Amino acid sequence: MLPIVIGMFEAQYIHARIDNFQHPRPLTYDLMVYLVQALGGVVTRIVINDLRDSTYFARVYLRGPAGETDVDARPSDAINIALRTGAPIFMEEAIFDKLGG
């Protein structure tokens, strides 16, 4: 278990997705996924990759017609995207070291 403090709205979007609640219009995270898919891409994985000054950092890894790339993201945003795409979520082992685990 990894406690990450996130904003109220991000938590609501995670909760809504876990509960399979369908909004009448796409939420921002849904739109992001639709855009990636419309451009022929897929989200391959999410990696929570760093912890600095009590703040977690994440990367969203994508594969598309132009190849593979990754983009910086807040962990809450990355988790929301993973929940919508089924992409696995990983964490760098070095974070455990920083946490003393």
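FYI, side chains are in, hydrogens and waters are out, and symmetry mates aren't considered; it's all heavy atoms of this structure. In this text, all values refer to a predicted model and were calculated from it rather than measured experimentally. One is the number of the first residue; the rest follow in order along the sequence.
- Put simply, the side chain of R45 reaches to within 4.5 Å of the side chain of F90, judged on heavy atoms.
- Rounding to the nearest 0.5 Å places CD of Q12 at 12.0 Å from CG of D19.
- Residues V36 and V42 fall into different hydrophobic clusters, defined by Ile, Leu, Val, Met, Phe, Trp and Tyr side chains chained together at heavy-atom separations under 4.5 Å.
- Without hydrogens or angle criteria, D77 side chain to A73 main chain gives no donor-acceptor distance under 3.5 Å.
- Counting heavy atoms from C-beta on, the side chains of P26 and Y34 come closer than 4.5 Å.
- With a 4.5 Å cut-off on side-chain heavy atoms, D72 and R59 count as touching.
- Here CD1 of I95 is found 7.0 Å from CD of E92. Values are rounded to the nearest 0.5 Å.
- Between G40 and P65, the closest heavy-atom pair is O-CD, 3.4 Å.
- In this structure, the side chains of I48 and F57 stay at 4.5 Å or more apart for every pair of heavy atoms.
- Note: M91 CE to Y56 OH = 7.0 Å, rounded to the nearest 0.5 Å.
- A pairwise comparison of heavy atoms in E10 and S76 identifies CG-OG, 3.6 Å as the closest pair.
- Residues that satisfy the side chain to side chain donor-acceptor pair (under 3.5 Å) test with D30, not counting sequence neighbours, are R84.
- Interatomic distance, CG of D50 versus OG1 of T55, reported as 10.0 Å (0.5 Å rounding).
- One hydrophobic cluster holds both L27 and L83 under the rule that ILVMFWY side chains link at heavy-atom gaps under 4.5 Å.
- Of all heavy-atom pairs between A16 and H23, the closest is CB-NE2, 4.0 Å.
- Every residue two or more places apart in sequence or in another chain that forms a side-chain contact (heavy atoms from CB on, under 4.5 Å) with M32 is listed here: T28, Y29, I81.
- Here the CG-CG distance, from L39 to L35, works out to 6.5 Å after rounding to the nearest 0.5 Å.
- The closest side-chain heavy-atom distance from D70 to V60 is not below 4.5 Å.
- V33 and V71 fall within the same hydrophobic cluster, where Ile, Leu, Val, Met, Phe, Trp and Tyr residues are linked whenever their side-chain heavy atoms come under 4.5 Å apart, directly or through other members.
- In the hydrophobic clustering of this structure, I79 does not group with Y61; members are Ile, Leu, Val, Met, Phe, Trp, Tyr whose side-chain heavy atoms approach within less than 4.5 Å, directly or through other members.
- Side-chain contact between L51 and L99 is present, with at least one heavy-atom pair separated by less than 4.5 Å.
- A82 and I89 make their closest contact through CB-CG1, 3.6 Å (heavy atoms, listed as atom of the first residue, atom of the second, distance).
- Residues T44 and L62 are not in side-chain contact: their nearest non-hydrogen atoms beyond the backbone lie 4.5 Å or more apart.
- By the rule that hydrophobic residues join a cluster once side-chain heavy atoms approach within less than 4.5 Å of another member, M8 and I4 end up as members of one cluster.
- No more than 12 heavy atoms of other residues, nucleotides or ligands shown are found within 6.0 angstrom of NE2 on H15.
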